[in-house]
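In each ligand, atom 1 is the first atom listed, and ligand 1 is the first ligand listed.
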Amino acid sequence: MTNETRALRAPGVRPRPYPTALFILGSAAIHFSVAPMHFQEYVPFGLFFVSAGIGQVALALGILTVPARRLFLAGAAGTGALIALWFVSRTIGLPIGPHPGRPEAIGFSDIACVVLELVSTLLLVRAAFRRPKSRRRGPVRIALTTAPAVLLTTILTADGVGSAINDMPYAFNASPIVPGQAATNLALLTEAPGSEPVKTFTLTARVTRIKGQDAWTYNGTVPGPVLRVTQGDRLRVTLHNRLPASTTIHWHGVPGLPDAEDGVAGITQQAVTPGHSMTYEFVAREPGTYWYHSHQDTSSQIGRGLFGALVVEPKGGPTESRDYTVVLHGAVDVSAVAINGTTGDLHLDARPGDTVRLRIVNAFAPGMDGGAETPVLLGAPYRVVALDGRDLVQPQVLPAERLPLGMGQRADVVFTMPTSGAVRLVDAAEKGEAAFSIPTTRPATVTVGDGPAPGAVDVGRLPLFDLTRYGQGGADPVAAAHADATYPIVLEAQGGFHDGRIELVHTINGRPSPYVPPLNVREGQVIRLHIVNRTPEFHPMHLHGHTLSVLRKDGRPIEGSPVHLDTILVGPHETWDVAFAADNPGIWMLHCHVLLHASFGMSMTVNYAGISSPYEMGSRSGNVPE
Ligand code: C2O
Ligand code: CU
């Protein structure tokens, strides 16, 4: 027997591989933490992860008690096999399971786990071929050599376990059927048949090359076509999905929209898969400026170009001689605000003396600060006649001011063309205080009419339009009504785990979506919301299917015209009180329209008693409403 083989058989002599054992235990912890999700997906997968974890715990204890070459080699082979299996599942897909042959997405937790496994495999191989030391190490030595491993394992294990237990849910229903309680399936809440004139549209969602970029478009353009109808029309809009991903259409702000036509993936419908179609049908009951956009993977799909304006003209046609839609949005090719598809100057025709209505839609997705666009009209006195498509009472004439519009909001401005010269709309922005906002250029302008354009103005110094003291009079029965309930809506943000990632998690009442407890209402109630913004960011809060009456800003009642919105811009550290009549049964989203914030958790639902949803969000259905 040589010295070396004798040493291999003498357990006490080979140093105990504490760091290696730690790495193995770290990846075991991650395996245990992902097991529950895999059990939901496919029981054999769940069993596999539990057994992998148990095997790793046994291996770690084994190499500490019997540090023998054979055990090291067996451990390295086993761990290597786990890595190989992971690699196959992420590239060509496993041949078994619920989706054989389909590669899985790479997540935070599996990266942490594979790193731990790689390191432990290398250490196991090294330990197997290393010459044993003749002397035992003292406790100080052991502590020093183990410290880096403790640090690395702690970080990776915390990341891996944290993202695994905060992953996107496998299946989450916003309003499941409760056994023993009668409930109406929201899929039945469609538009009732009627004799309204039918307006038919087709929107084909497809990939279109625009300025060298692959945009996702409706009918080949960004924004999609303006859908113009008359109050009282019945819209029948067929969506054809030619995209490589599933999609939907949401009709943002349309009063009285039936819940089943709301277009929210995983709440009011199953997202339309590639190659399939769906027809939305609803009656345009109220005139106004609205818009439409995808509500599947919204933050990404609106960003790629899936949005457009919806205009409902009053019966009898437009009240102004010129009626234009002006959509502010992200340019496809550069980081800039574009208007109706152009980053330059958009020219609109008008003659001296014409009355002009600009229907301004803010579809521009801001950065993390949630900043609002603040377009300015120069060259003519004007009135803001409507906000979010709802008329204001006795709006007075204004000088040049910045008109704050959070993402999703609309404003209609009306003016008379001067006897000479053009009128110009200049885009500016109001930034929040948060870090990480991406600098954006705002070169886009709109010039209305011909002749010299108004001279340049330092728009940053102009006052901000204040909707709490504009126009006058008018009754607001919802604002005046006794409230059946008042709910706090507390908006916060802090670093943490959400949907399997480390993010600036955005919460409502302390929790991120889909775990924000819903607001439960009954048909016929009047509900008040006390919205508190505890962040340095802007949050345009949008309630689907309803109209919000503005009551107070920072505790002070509004003084001018009643203000009715579907999206309320809540500035940094502001508090707003609003009320709405629960008059449209369904399950409705209430979320921040800064799509980043919504996808980071700032989203919840308003649930009517007695309504259930047959749809689910999460990784099983592929429905991702934010
Ligand atoms: Cu503009 Cu939830 O939508
Ligand atoms: Cu927000």
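- The aromatic rings of H539 and H506 sit perpendicular, their planes meeting at an angle over 60°, well past the 30° parallel limit.
- Neighbouring protein atoms of atom 2 (Cu) of ligand 1 (N, O or S, distance under 2.8 Å, waters ignored): H295 NE2, H544 NE2, H591 NE2.
- Taking the N/O/S atoms of H597 in turn, the shortest distance to the Cu ion (ligand 2) belongs to ND1.
- A tilted orientation is assigned to the rings of H252 and W291, their planes being inclined by 30° to 60°.
- Ring centroids of F282 and W251 are separated by less than 6.0 Å, placing the two rings close together.
- The aromatic rings of H544 and H591 sit perpendicular, their planes meeting at an angle over 60°, well past the 30° parallel limit.
- Ring-plane geometry between F307 and H329 is classed as tilted, the angle between the planes lying from 30 to 60 degrees on a 0 to 90 degree scale.
- Using cut-offs of 30° and 60° on the angle between ring planes, the pair H295 and H250 is perpendicular.
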Got a list of side-chain donor-acceptor pairs under 3.5 Å for residues 222-231, not counting sequence neighbours?
| from | atom 1 | to | atom 2 | distance (Å) |
| --- | --- | --- | --- | --- |
| R228 | NH1 | E313 | OE2 | 2.6 |
| R228 | NH2 | D323 | O | 3.1 |
| R228 | NH2 | D323 | OD1 | 2.7 |
| Q231 | NE2 | R285 | O | 3.0 |

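- At the Cu ion (ligand 2), the angle from SG in C592 to ND1 in H539 is 130° when rounded to 10°.
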